Novice: 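Here it is, the structure in full.
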Amino acid sequence: MSICMIGGGGFIGSHLCEKLMAETSHKAVVVDVSSEKINHLLGESHPWSSRIEFHHMNIKNDSRLETLIKASDLTINLAAICTPADYNTRPLDTIFSNFIDAIPVIKYCTDNNKRLIHFSTCEVYGKTIGSFLPHEFRKDPKYYMLKEDVSPCIFGPVEKQRWSYACAKQMTDRLIYAEHAENGLKFTIVRPYNWIGPRMDFIPGVDGPCDGVPRVLACFSNNLLRGEPLKLVDGGRSQRTFLYVKDAIEAVLLMIDNPERANGQIFNVGNPDNEVSVKELAELMIQVYAKVASVPASSLSTLDVSSEEFYGKGYDDSDRRIPDMTIITRQLGWKPKTPLNKLLDDTLQYQHQTYSNAIKKVLSKPSN
């Protein structure tokens, strides 16, 4: 089939394109503002060259988008601003990117009877019920296990702009479901839980903005590469589960190839066995990177910083996000495979090989 991949030039899209080219006969029509992460797949020399094309496009008010969706069998929408540092500093861009800009995509799919796989986020669940309860109740899984069809979405107050992303994504989920209910849109909604691996985010000042702040894994990778302390926001108390992107792409391929089992479904896609606090993640990454880079672990450290110091005013956080996997296991038979240590080893091997020399050059330049 022909797949229109909006935002397909990013982290998830690049891994999905690799999978599609190597293991299927599907065609990828990639729409994005940059092709940097898929350049290794483009060009006439590849055996799949006729099955992948890139369209440099900002989807805001571009009439070509409907033409591409209309000509494809399936649309996958990956386009998003999804970096926590942007939620406070660019709340309008965040809301537009994750809700307003998604509206035409959904409409084009409905009007042209095209199937849509839309990437949402586990952040739509907001805070767990457990975070509002006395400590002795918080260990009960029913208060922190997140279920697609049951768990409420609880956000902080409006002035906590950190929730602009989650609210925009949730509204898009509701719009998709409404289009399905009233106009028959064929949809699948994906809720990723911290997919990580090679090519995730950017390393500031090397392949991204000097003053940019990526997500946690790339932040910690950047600190490790530079020999700086890993900054733990509010002590790194928040807990997260982490999923290897290659496991995640297996799940997405099952959604693509099994529409009868995936249509009308919302899927948590995560690994509940890979849960750690952010502080524990930092400590694990220090141990893994010390082996990868052949440096003493004692030379690497952490540093506590406040959320206001790191993100600015308006930041808030959820306590735990553990995915209930019942629906995706029942519908697609998918389960995650890669343990956290293996995931971190593969990722930090890539980060070290890709960026260490560039970082050394940056650090060797005299400061003004």
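Side chains included, hydrogens not; waters and symmetry mates left out as well; all remaining heavy atoms used. Every value quoted in this text rests on a predicted model; they were computed, and no experiment measured them.
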Novice: Using a cut-off of 6.0 Å, state whether more than 12 heavy atoms not belonging to Arg174 lie near its atom CZ.
Specialist: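 At most 12 heavy atoms, drawn from other residues, nucleotides or ligands, come within 6.0 Å of this atom.
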
Novice: Using a strict threshold of under 4.0 Å (side-chain N to carboxylate O), is an ion pair present between Glu275 and Arg320?
Specialist: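 A salt bridge links Arg320 with Glu275.
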
Novice: Can you tell whether the side chains of Lys147 and Asp149 come within less than 4.0 Å, N to carboxylate O?
Specialist: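 Answer for the salt bridge query: no.
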
Novice: So, the side chain of Thr188 versus the backbone of Ala262: is there a donor-acceptor pair under 3.5 Å, distance only?
Specialist: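 Yes, the answer is positive, given that a donor and an acceptor are paired below the 3.5 Å cut-off.
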
Novice: What is the minimum heavy-atom distance between Asn88 and Pro91, and which atoms define it?
Specialist: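 Asn88 and Pro91 have their closest heavy atoms at O-CD, 3.3 Å.
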
Novice: Under 3.5 Å, is there a donor-acceptor pair between the side chain of Asn222 and the main chain of Ala218?
Specialist: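 No, Asn222 side chain to Ala218 backbone: no donor-acceptor pair under 3.5 Å.
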
Novice: State, yes or no, whether a side-chain contact exists between Val190 and His118 at a heavy-atom distance under 4.5 Å.
Specialist: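 Not touching, per the 4.5 Å side-chain cut-off.
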
Novice: Without swapping roles, check the side chain of Asn268 against the backbone of Leu146 for a donor-acceptor pair under 3.5 Å.
Specialist: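 Such a contact is found between Asn268 side chain and Leu146 backbone.
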
Novice: For Ile59 and Asp101, work out which heavy atoms get closest and say how close.
Specialist: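 Minimum heavy-atom separation between Ile59 and Asp101: CD1-O, 3.9 Å.
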
Novice: Identify each donor-acceptor pair in which a side-chain atom of residues 334-341 lies under 3.5 Å from a protein atom, sequence neighbours left out, and give them as a table.
Specialist:
residue: Trp334; atom: NE1; partner: Asp247; partner atom: O; Å: 3.1
residue: Thr338; atom: OG1; partner: Asp247; partner atom: OD1; Å: 3.1
residue: Thr338; atom: OG1; partner: Asp247; partner atom: OD2; Å: 3.0

Novice: Can you check whether Val362 reaches Arg226 side chain to side chain, under 4.5 Å on heavy atoms?
Specialist: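 Yes, their side chains come closer than 4.5 Å.
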
Novice: Quick check on Phe96: does its CZ atom have over 12 non-hydrogen neighbours (other residues, nucleotides or ligands) under 6.0 Å away?
Specialist: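 Atom CZ in Phe96 is not crowded, with 12 or fewer foreign heavy atoms closer than 6.0 Å.
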
Novice: Taking Asp346 first and then Lys342, would you say they form a salt bridge - that is, a charged N and a carboxylate O separated by under 4.0 Å?
Specialist: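 A salt bridge links Asp346 with Lys342.
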
Novice: Does any N or O in the side chain of Ser299 come within less than 3.5 Å of the main-chain N or O of Pro296, such that one atom is a donor and the other an acceptor?
Specialist: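 Yes.
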
Novice: Between Arg321 and Met145, is there a donor-acceptor pair closer than 3.5 Å when you use the side chain of the first and the backbone of the second?
Specialist: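 Judged by distance alone, no pair lies under 3.5 Å.
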
Novice: Would you kindly confirm whether Ile69 and Leu16 end up in one hydrophobic cluster when ILVMFWY residues are joined by side chain heavy atoms under 4.5 Å apart?
Specialist: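 No, Ile69 does not connect to Leu16 through the hydrophobic network.
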
Novice: Atom NZ of Lys27 and atom SG of Cys4: how far apart are they, to the nearest 0.5 Å?
Specialist: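 These two atoms lie 10.5 Å from each other.
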
Novice: Excluding sequence neighbours, so at least two apart, what forms side-chain contact (heavy atoms from CB on, under 4.5 Å) with Leu42?
Specialist: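 Counting only residues at least two positions away or on another chain, Leu42 forms a side-chain contact (heavy atoms from CB on, under 4.5 Å) with Ser35, Ile38, Asn39, Ile52, Phe54.
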
Novice: Check for a donor-acceptor pair, side chain of His56 on one end and backbone N or O of Val33 on the other, with a separation under 3.5 Å.
Specialist: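 Here the side-chain-to-backbone pair exists.
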
Novice: Ser72 side chain to Leu74 main-chain N or O, any donor-acceptor pair under 3.5 Å?
Specialist: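 No, Ser72 side chain to Leu74 backbone: no donor-acceptor pair under 3.5 Å.
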
Novice: With heavy-atom distances below 4.5 Å as the criterion, would you say the side chains of Met1 and Ile256 are in contact?
Specialist: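 Counting from C-beta outward, Met1 and Ile256 do come under 4.5 Å.
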
Novice: Is there a side-chain contact between Ile203 and Gln351, using heavy atoms and a 4.5 Å cut-off?
Specialist: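 The answer is yes; the side chains approach within 4.5 Å.
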
Novice: Applying a strict under-4.5 Å side-chain criterion to I, L, V, M, F, W and Y, I'd like to know whether Leu217 and Leu243 cluster together.
Specialist: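 Yes, it is one cluster - the side chains of Leu217 and Leu243 are joined through contacts under 4.5 Å.
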
Novice: Assess whether atom CZ of Phe137 is packed by more than 12 heavy atoms of other residues, nucleotides or ligands within 6.0 Å.
Specialist: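 No, not enclosed.
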
Novice: Consider only side-chain heavy atoms of I, L, V, M, F, W and Y, link residues closer than 4.5 Å, and tell whether Val288 and Ile359 are in one cluster.
Specialist: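 Looking at the clustering, Ile359 is in the same group as Val288.
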
Novice: At their closest point, which heavy atom of Lys37 faces which heavy atom of Gly9, and how far apart are they?
Specialist: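 It is CB-O, 3.4 Å.
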
Novice: Between Glu280 and Arg237 (salt bridge meaning N to carboxylate O under 4.0 Å), is one present in this structure?
Specialist: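 No, this pair does not count.
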
Novice: Of the non-hydrogen atoms in Gly197 and Thr347, which two are nearest, and what is the gap between them?
Specialist: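 Taking every non-hydrogen atom into account, CA-OG1, 3.3 Å.
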
Novice: Holding to ring pair (Phe, Tyr, Trp, His ring centres under 6.0 Å), I want the full list of residues that pass it with Tyr315, two or more places apart in sequence or in another chain.
Specialist: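 Partners of Tyr315 under the ring pair (Phe, Tyr, Trp, His ring centres under 6.0 Å) test: Tyr311.
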
Novice: Between Glu260 and Lys186 (salt bridge meaning N to carboxylate O under 4.0 Å), is one present in this structure?
Specialist: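 Not counted as a salt bridge, because no side-chain N and carboxylate O are separated by less than 4.0 Å.
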
Novice: Is any side-chain heavy atom of Ile154 closer than 4.5 Å to one of Thr128?
Specialist: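 SC-SC contact between Thr128 and Ile154 ruled out.
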
Novice: Can Asp73 and Arg115 be counted as an ion pair, charged N to O under 4.0 angstrom?
Specialist: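 No, this pair does not count.
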
Novice: Listing request: all ring-ring contact (aromatic ring centres under 6.0 Å, His included) pairs with a residue in residues 12-35, at least two apart in sequence or in separate chains.
Specialist: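 Matches after skipping sequence neighbours: Phe11-His15.
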
Novice: Is a side-chain donor or acceptor of Asn223 paired with a backbone partner of Leu225 at a separation under 3.5 angstrom?
Specialist: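 Side chain of Asn223 to backbone of Leu225: no pair is present.
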
Novice: Using the rule salt bridge (charged side-chain N to carboxylate O under 4.0 Å, His left out), only one of Arg240, Lys160, Lys127 pairs with Asp317; which is it?
Specialist: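 Testing Asp317 for a salt bridge (charged side-chain N to carboxylate O under 4.0 Å, His left out) against Arg240, Lys160, Lys127 leaves exactly one candidate, Arg240.
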
Novice: Checking side-chain polar atoms at under 3.5 Å, does Asp207 have a donor or acceptor matched by the opposite partner on Tyr355?
Specialist: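 Result is yes, a qualifying pair exists.
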
Novice: Crowded around Lys279 NZ? As in, over 12 foreign heavy atoms under 6.0 Å?
Specialist: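 12 or below, so no.
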
Novice: Please determine, by modelled atom types, if Tyr125 and Arg191 share a side-chain donor-acceptor pair under 3.5 angstrom.
Specialist: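 Present: a donor and an acceptor within the cut-off.
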
Novice: Does a donor on one side chain sit under 3.5 Å from an acceptor on the other, for Asp234 and Ser307?
Specialist: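 Distance-only check passes for Asp234 and Ser307.
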
Novice: Please confirm whether the backbone N or O of Ser45 pairs with a side-chain atom of Ser49, one donor and one acceptor, at under 3.5 Å?
Specialist: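 Here the side-chain-to-backbone pair does not exist.
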
Novice: Flag the pair Gln349 / Gln353 as yes when at least one side-chain heavy-atom distance between them is below 4.5 Å, and no otherwise.
Specialist: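 Of all side-chain heavy-atom pairs linking Gln353 with Gln349, at least one is under 4.5 Å.
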
Novice: Are there over 12 heavy-atom neighbours, none belonging to Glu228, within less than 6.0 Å of that residue's CD?
Specialist: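 Counting other residues, nucleotides and ligands, CD of Glu228 exceeds 12 neighbours.
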
Novice: If you round to the nearest 0.5 Å, how far is CD1 of Ile286 from OG1 of Thr302?
Specialist: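 If I round to the nearest 0.5 Å, the distance is 6.0 Å.
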
Novice: Quiz question: by atom type and distance under 3.5 Å, do the side chains of Glu44 and His46 form a donor-acceptor pair?
Specialist: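 Side-chain D/A pair, Glu44 to His46: absent.
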
Novice: Is the backbone of Arg64 close enough, under 3.5 Å, to the side chain of Asp62 for a donor and an acceptor to pair up by distance?
Specialist: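 Yes, because the side chain of Asp62 sits within donor-acceptor range (under 3.5 Å) of the backbone of Arg64.
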
Novice: Could you tell me if the side chain of Val278 sits less than 4.5 Å from the side chain of Val233, heavy atoms only?
Specialist: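 No, every pair of side-chain atoms sits at 4.5 Å or beyond.
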
Novice: Regarding Asn274 and Thr241, do their side chains bring together a donor and an acceptor under 3.5 Å, going by distance alone?
Specialist: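 Not at all, the side chains of Asn274 and Thr241 share no donor-acceptor pair under 3.5 Å.
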
Novice: Any ion pair linking Asp316 and Arg162 (charged N to carboxylate O, less than 4.0 Å)?
Specialist: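 Salt bridge absent between Arg162 and Asp316.
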
Novice: Assess whether a salt bridge exists between Lys19 and Glu23, defined as any Lys/Arg side-chain N lying under 4.0 Å from an Asp/Glu carboxylate O.
Specialist: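 Salt bridge flag = yes for Glu23 with Lys19.
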
Novice: Roughly how far apart are Thr172 OG1 and Ile106 CD1, rounded to 0.5 Å?
Specialist: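 One finds 5.5 Å between OG1 of Thr172 and CD1 of Ile106.
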
Novice: Could you check whether any side-chain heavy atom of Leu230 comes within less than 4.5 Å of a side-chain heavy atom of Leu303, counting everything from C-beta outward?
Specialist: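 The answer is no, as the side chains (C-beta and beyond) never meet within the 4.5 Å cut-off.
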
Novice: Between atom OG of Ser2 and atom NZ of Lys114, what is the distance when rounded to the nearest 0.5 Å?
Specialist: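 The NZ atom of Lys114 is 8.5 Å from OG of Ser2, to the nearest 0.5 Å.
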
Novice: Does a donor on one side chain sit under 3.5 Å from an acceptor on the other, for Ser34 and Asp32?
Specialist: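 Asp32 and Ser34 do not have a side-chain donor-acceptor pair below 3.5 Å.
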
Novice: How close do Asn98 and Ala80 get, heavy atom to heavy atom, and via which atoms?
Specialist: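 In this case the closest contact between Asn98 and Ala80 is OD1-CB, 3.1 Å.
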
Novice: For Arg215, run the side chain to side chain donor-acceptor pair (under 3.5 Å) check against Thr83, Asn194, Asp201 and tell me which one passes.
Specialist: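 Single side chain to side chain donor-acceptor pair (under 3.5 Å) partner of Arg215 among Thr83, Asn194, Asp201: Asp201.
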
Novice: For the NZ atom on Lys231, are there more than 12 heavy atoms of other groups (residues, nucleotides or ligands in this structure) within a distance under 6.0 Å?
Specialist: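 12 or below, so no.
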
Novice: Taking only residues two or more places apart in sequence or in another chain, which ones pass side-chain contact (heavy atoms from CB on, under 4.5 Å) with Glu309?
Specialist: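 Per chain and number, Glu309 pairs via side-chain contact (heavy atoms from CB on, under 4.5 Å) with Val305, Ser306.
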
Novice: Heavy atoms only: give me the nearest Gly13-Met5 pair and the separation to one decimal.
Specialist: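 Heavy atoms only, the tightest pair is O-CE, 3.7 Å.
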
Novice: Strictly by ring-ring contact (aromatic ring centres under 6.0 Å, His included), give each pair with a member in residues 163-210 just once, sequence neighbours left out.
Specialist: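 Qualifying pairs, neighbours excluded: Tyr87-Tyr165, Phe119-Trp195, Phe155-Trp163, Tyr177-His180, Tyr177-Phe187, His180-Phe187.
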
